[in-house]
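First up is the structure itself, then whatever we jot down about it.
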Amino acid sequence: MTDNQDGNAPAIDDDLNPFQLIAYLLFRLRVTLEEETPGRAPRWVRMARVREDYKRGEALAQAVPGAMGPISDGIVIIAEAILDLHEIMVQTDSIVAMTEAVLDFARGVVGSDFTDALNKLSLGGYGNPIPQSVIDTLDDLETYLGYIPEPNDLKALGHEIYRLLCIVQRPLPLQVSGGKLRVAVAEAVDPDQQLDLEATGKLRLLQYTFGKEMKARGLGTIEDPEGAEPLPFKRFGLRRLWQTDDVATLPYRVLGEFVRPTYRDTVVDTRFNHESDHEEFELNNKDLEEVHNILEALGYQNPPVADKQTFSPALSQRLVCFQALNGLPLTGMIDNDTINRLLNLDYHNQNLARARPFDPDLFPGQDEANPWPVMHPGYVQEDLAAGVVVAGDLELANADADKPREEGVDTLHTPPGYYYYVVGQRMPPGGAATLPEGRGWLRSHDSSLDPGFVALKSRDMLSPAEASNGAGERFDGGAFSEGESVSGRMFFAARCVEPWRASEAATPGSRALNTGDAPAPESHERTVRGRVHQWVDLQELMARKPADHDLRIDASVFLRALYKDDGDGNLIAAQGQLGVEFYGADAFSGDARMGAPRDLDKRIDKRYSAWHPMDDQTTVAPESPEQRQCKYLWTMRHIRELVVPESATGMAIVLEARHHAGFNTDAFFDSVRVRWEYRATIEDGGGD
């Protein structure tokens, strides 16, 4: 099963599609907040610069925070309506229910408050405000109640809302204590390493910057799924939290600094339960109270909690129940998956997902003395109650293509064009590559596979005037433009020609990554033309694994491929896939081998995803719906619950691309994610 995601602004149909229209406006809002030009801070950072003036009550500094209320209120109403629409489409064809949900959607965006706030916050950044014709359409959305949305409409909207509101924390450092993995408290309080400013939604960051209150909607119990009233919260998700008897060990300060070579901006500076000169921002562990309130609104009220401003074992028990019912790793912690799902956001799929309320039928026999889910036996009660880490994310270097400096790489801009860099250290023929920080992407030493893997900067969005004068495209580069990445500023691309060109169609020249003569078309050979891999050390996780448990791995990546003309009237796409491979001590032995090549003869086990597009989808007719869909949509490829062999010491995460037509290998990758979890062993060997 795959989940399609929209990485670009959807084209607006001639016949009005209200869902695409709002997705486009939210996309414009996000791009204008995030867009960064050399030497100038992005708009959201420039907005954050007035935070001190705002705290002093200066009138001019009130404009930005004042605009956030109508926008955030409208967006959460839209998000709830989207979730309702998705469930209606899946569960019933009730026209009445559909009409009511579309009406709720319309109510989220009609009226001058929402459009005025959009213009004030950022949409004027493209040189003109929202056109009056669009405002008139928004005001008249109720006349479109008969419009039935397509699934891709909802996915596009959901992705844009996620990107504006998501919360991404940096991983908690771990240590071995008592023979088990636990949070490394002494290393977990660095104030400027708690929030990932690049990945967190910019509306969410502005909320934190100005201490603004937002509301969570649609949080209810199984008896009352819609809930009574929107639930306000202010600092939930801002700092990293873990189970502790002493609340003083939790971070008292969160400091977010946006740093570039020519400037440094403090965009978040919040103290918790600490004497300082920021008294108006003192929250006294209010974020922990907000965690309890959200869980209780969803019906997770067992075991009872006397003090909502602590992270007790009782809170861990509530979190495990929530994670079990929502298909999340059972950590008992407030991790990125859990933070976002509690707000109806899907961290893993970068979209919306309903937070499921507590269902007593799925916890048979649960009472105050036995609060644990029964579907994951063997470790939950003993380990999670003691604060032991039993699941988490495996951190890759530069997994989103947005942080090349993690690999000691600088972006290039020669000759003039789009920023790019060559992905991965190239290994010498007879040995290992030297990685600056001990990890990162590696290229094959096989020269036949050397060309093509780069990281590209997202294409510029054209102004409405530029788009109307051309072919109606929204990105520089025309019909085959790469558009925007799914997660951030850049994305991985397997390409054979100059990577800085938009819509490159020429024969590769001396500057091309694939030097020498142009490659012959490979429409039928299905040859792998590009490959990179990254090592993950599994030795500590395997050493701490309980004897009656498996270590399981989940891996995923977003993929997109462009279709190229093969000269015979057909459009043919490149393909991409994700692989996970396991190796023993004879091939991988820790940090010294992080730059090692893959010795396939020593591979213990492997699993590869299906190609994207599938083999029977690589050729389409010109201007077919498939072409348009593959242009705009990112598709997730997922490897689920792969059991790590007992003898494995290392794991290679592999990205591969096939080349079929033309001179480009247009297979694009973004957001590589790897999770681990200890699971009780079952008789069939772990369920795979």
Side-chain angles (χ1 to χ4, degrees), residues 48 51-52 55 166-175 177 181-201 204-214 233-259 264-295 305 307-316 318-319 331-340 342-343 347 384 386-389 392-393 395:
R51 57 187 299 275
E52 296 299 327
K55 287 188 295 181
C166 66
I167 301 169
V168 182
Q169 297 181 349
R170 299 186 184 279
L172 275 169
L174 305 178
Q175 67 181 6
S177 177
L181 287 174
R182 302 174 190 270
V183 174
V185 175
E187 301 174 17
V189 295
D190 187 349
D192 61 355
Q193 292 295 318
Q194 296 181 43
L195 201 62
D196 189 330
L197 298 182
E198 301 282 358
T200 299
R204 184 70 67 198
L205 286 174
L206 289 173
Q207 173 201 355
Y208 291 150
T209 296
F210 296 105
K212 299 295 290 184
E213 186 176 86
M214 283 193 176
F233 65 95
K234 181 177 288 189
R235 284 297 190 254
F236 171 61
L238 175 57
R239 63 173 173 167
R240 295 183 299 196
L241 301 170
W242 57 89
Q243 184 177 313
T244 176
D245 295 329
D246 182 5
V247 73
T249 63
L250 296 176
Y252 74 86
R253 184 183 187 188
V254 177
L255 176 65
E257 292 189 318
F258 189 86
V259 180
R264 176 188 296 265
D265 283 275
T266 297
V267 294
V268 176
D269 188 0
T270 301
R271 273 68 171 220
F272 293 82
N273 200 29
H274 179 68
E275 294 297 329
S276 72
D277 57 354
H278 291 256
E279 293 182 359
E280 65 272 34
F281 284 92
E282 298 299 333
L283 297 172
N284 295 321
N285 303 312
K286 185 71 173 177
D287 54 343
L288 274 167
E289 183 177 335
E290 291 169 347
V291 173
H292 287 90
N293 291 342
I294 294 174
L295 284 167
V305 173
D307 181 3
K308 291 185 178 182
Q309 292 194 355
T310 62
F311 199 142
S312 65
L315 176 56
S316 285
R318 289 182 173 188
L319 289 168
T331 65
M333 299 172 66
I334 305 175
D335 50 29
N336 285 329
D337 281 299
T338 305
I339 291 170
N340 287 284
L342 284 167
L343 299 178
Y347 169 73
L384 289 179
V388 176
V389 180
D393 293 322
E395 189 175 5

Could you walk me through whether Phe233 and Glu289 pass the side chain to side chain contact (heavy atoms under 4.5 Å, CB included) test, one step at a time? CA-CA 9 Å; Phe233 65 95; Glu289 183 177 335; over 6 Å; no

Among side-chain atoms of Arg235 and Asn285, is any donor-acceptor pair under 3.5 angstrom?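 Side-chain D/A pair, Arg235 to Asn285: absent.
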
Could you list the residues that satisfy salt bridge (Lys or Arg N to Asp or Glu O under 4.0 Å) with Asp335, not counting sequence neighbours?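 Applying salt bridge (Lys or Arg N to Asp or Glu O under 4.0 Å) to Asp335 gives none.
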
Would the distance check show the side chain of [X] and the main-chain N or O of [Y] forming a donor-acceptor pair, the cut-off being under 3.5 Å?
| X | Y | result |
| --- | --- | --- |
| Asp246 | Ala248 | yes |
| Glu290 | Phe236 | yes |
| Arg239 | Arg253 | no |
| Asp265 | Val267 | no |
| Thr200 | Leu197 | no |
| Asp196 | Val168 | no |

Just verifying a value: how many Å separate [X] [atom1] and [Y] [atom2], rounded to the nearest 0.5 Å?
| X | Y | atom1 | atom2 | answer |
| --- | --- | --- | --- | --- |
| Leu255 | Asp190 | CG | CG | 9.0 Å |
| Leu205 | Leu195 | CG | CG | 6.0 Å |
| Ile339 | Asp287 | CD1 | CG | 10.0 Å |
| Gln193 | Arg170 | CD | CZ | 5.0 Å |
| Gln243 | Thr249 | CD | OG1 | 11.0 Å |
| Glu257 | Asp192 | CD | CG | 6.5 Å |

Could you pull out the closest heavy-atom pair between [X] and [Y], with the gap in Å?
| X | Y | value |
| --- | --- | --- |
| Gln194 | Pro251 | NE2-CB, 3.4 Å |
| Ala48 | Phe210 | CA-CZ, 4.2 Å |
| Arg240 | Pro171 | NH1-O, 2.9 Å |
| Gln169 | Asn336 | N-OD1, 2.8 Å |

If you measure from the Lys or Arg side-chain nitrogens to the Asp or Glu carboxylate oxygens, is any gap between Lys234 and Glu213 under 4.0 Å?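 No salt bridge links Lys234 with Glu213.
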
So which of Asp245, Ile334, Val291 actually passes side-chain contact (heavy atoms from CB on, under 4.5 Å) with Phe311?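 When side-chain contact (heavy atoms from CB on, under 4.5 Å) is applied between Phe311 and each of Asp245, Ile334, Val291, only Ile334 qualifies.
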
side-chain contact (heavy atoms from CB on, under 4.5 Å), paired with Leu250, selected from Val185, Leu288, Val189: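 Only one option passes, and that is Leu288.
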
Would Leu315 and Lys308 satisfy side chain to side chain contact (heavy atoms under 4.5 Å, CB included), going step by step from the backbone distance to the final call? CA-CA 9 Å; Leu315 176 56; Lys308 291 185 178 182; over 6 Å; no

Going by the rule ring-ring contact (aromatic ring centres under 6.0 Å, His included), which residues pair with Phe258 if we only count those two or more places apart in sequence or in a different chain?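 For Phe258, the residues satisfying ring-ring contact (aromatic ring centres under 6.0 Å, His included) (neighbours in sequence not counted) are Trp44.
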
Please walk me through it: do Val389 and Met333 pass side chain to side chain contact (heavy atoms under 4.5 Å, CB included)? CA-CA 8 Å; Val389 180; Met333 299 172 66; 4.2 Å; yes

List the steps and the verdict of side chain to side chain contact (heavy atoms under 4.5 Å, CB included) for Thr310 and Val305. CA-CA 9 Å; Thr310 62; Val305 173; 5.7 Å; no

Is there a side-chain contact between [X] and [Y] (heavy atoms, below 4.5 Å)?
| X | Y | value |
| --- | --- | --- |
| Trp242 | Ser316 | no |
| Tyr252 | Val247 | no |
| Asn340 | Cys166 | yes |

